[in-house]
Amino acid sequence: MIKKMKVSFVFVLLFTSIMFAQNKSHIDSLYQVKNYLLDLRSTVIKNDGNTNEQLIKVAQLMEKGKVYEKQFPIWLNAVLHEDSWHYTEMKRQFTLILQTLALYNSDLKAKPNQLPNNLDDLKFLNSSIPKLVDTIYYYCKLAEEERLKKIH
């Protein structure tokens, strides 16, 4: 009887540790998305007219964004419930940012060696990215505090 209880206790402890470790890695991944968004913003804002260099940077960011777009909902689920309004809104904002980046990229390709005429894309990225970054940071901090409470 005592042996079964020990085995059960070890199983529960192991399962809980794995669950906390997985949540921790998802939170770390969300921090990577936050860093990606900040990098995206600084790249777009620092357009000095060198379109070729800008195109390369934007193409790299778009490729990374495609990977993050697939994983973002999974990582986000570690800090928010899938059926919550905040979860849906954050996913939507991330998708809109990536779509705007694609529009910005097409503007760069259409008019080489010129700054894009449509400044609305830049304004949108400049205003939306900080909001999403702050929201990601906020929910990651809450999840991290909650995770630490359960451990201690």
Side-chain angles (χ1 to χ4, degrees), residues 13-152:
L13 185 63
L14 180 63
F15 179 73
T16 305
S17 298
I18 291 170
M19 185 179 72
F20 284 138
Q22 187 175 10
N23 277 351
K24 176 71 172 145
S25 69
H26 288 330
I27 291 169
D28 290 343
S29 297
L30 284 171
Y31 280 129
Q32 286 179 351
V33 171
K34 176 187 71 84
N35 291 338
Y36 162 78
L37 289 168
L38 292 173
D39 189 29
L40 189 159
R41 183 173 181 239
S42 68
T43 299
V44 170
I45 289 173
K46 291 181 184 176
N47 187 347
D48 57 2
N50 186 346
T51 309
N52 291 331
E53 188 177 309
Q54 187 77 0
L55 275 169
I56 292 168
K57 289 179 183 178
V58 170
Q60 291 171 346
L61 288 168
M62 286 179 59
E63 287 302 314
K64 191 183 274 190
K66 288 177 187 176
V67 173
Y68 285 157
E69 186 175 27
K70 292 177 185 173
Q71 295 296 316
F72 188 65
I74 296 166
W75 298 334
L76 197 55
N77 203 21
V79 297
L80 287 169
H81 294 289
E82 201 170 329
D83 58 348
S84 76
W85 178 86
H86 295 282
Y87 175 90
T88 305
E89 184 62 19
M90 288 175 72
K91 269 182 34 181
R92 187 181 74 77
Q93 282 298 314
F94 188 72
T95 301
L96 286 173
I97 288 168
L98 293 178
Q99 289 171 348
T100 306
L101 180 63
L103 290 173
Y104 177 74
N105 186 46
S106 66
D107 286 349
L108 285 175
K109 286 181 180 178
K111 296 186 180 181
N113 299 321
Q114 292 181 12
L115 292 174
N117 289 340
N118 185 359
L119 297 179
D120 289 339
D121 293 344
L122 294 174
K123 288 178 186 175
F124 175 79
L125 291 172
N126 198 29
S127 66
S128 296
I129 289 174
K131 292 175 189 173
L132 184 58
V133 165
D134 288 346
T135 307
I136 289 171
Y137 185 74
Y138 173 76
Y139 284 112
C140 285
K141 278 296 184 190
L142 282 180
E144 187 68 22
E145 288 172 5
E146 201 58 39
R147 188 184 74 79
L148 290 174
K149 283 180 189 175
K150 289 179 182 177
I151 290 175
H152 296 291

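Remember, predicted model here, so these are calculated numbers, not experimental data.
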Could you list all the salt bridge (Lys or Arg N to Asp or Glu O under 4.0 Å) pairs where at least one residue sits in residues 85-105, not counting sequence neighbours? E89-R92
Looking only at heavy atoms, which two atoms of [X] and [Y] are closest? And how far apart?
X    : Y   : answer
S84  : L80 : OG-CB, 4.2 Å
G65  : L98 : O-CD1, 3.5 Å
K64  : Y36 : CD-CD1, 3.5 Å
A143 : A78 : CB-O, 4.5 Å

[Y] side chain reached by [X] side chain, heavy atoms, under 4.5 Å:
X    : Y    : value
L132 : V33  : no
R41  : L125 : no
K123 : N126 : no
L37  : I136 : yes
F124 : Y104 : no
V79  : L142 : no

Would you compute the distance between atom [atom1] of [X] and atom [atom2] of [Y] and round it to the nearest 0.5 angstrom?
X    : Y    : atom1 : atom2 : value
L40  : M62  : CG    : CE    : 10.0 Å
I56  : L108 : CD1   : CG    : 11.5 Å
D121 : S106 : CG    : OG    : 7.5 Å
I129 : I45  : CD1   : CD1   : 7.5 Å

Given the options H81, H26, H86, Y139 meets ring pair (Phe, Tyr, Trp, His ring centres under 6.0 Å) only with H86
Short question: side chain of Q54, backbone of N105 - any donor-acceptor pair under 3.5 Å? no
Partners passing salt bridge (Lys or Arg N to Asp or Glu O under 4.0 Å) against K34 (at least two apart in sequence or in another chain): none
Please list, one pair per line, the donor and acceptor atoms closer than 3.5 Å that link side chains of residues 68-76 to other protein atoms, with sequence neighbours excluded.
none

Salt bridge or not between K141 and E144? Use side-chain N to carboxylate O under 4.0 Å. no
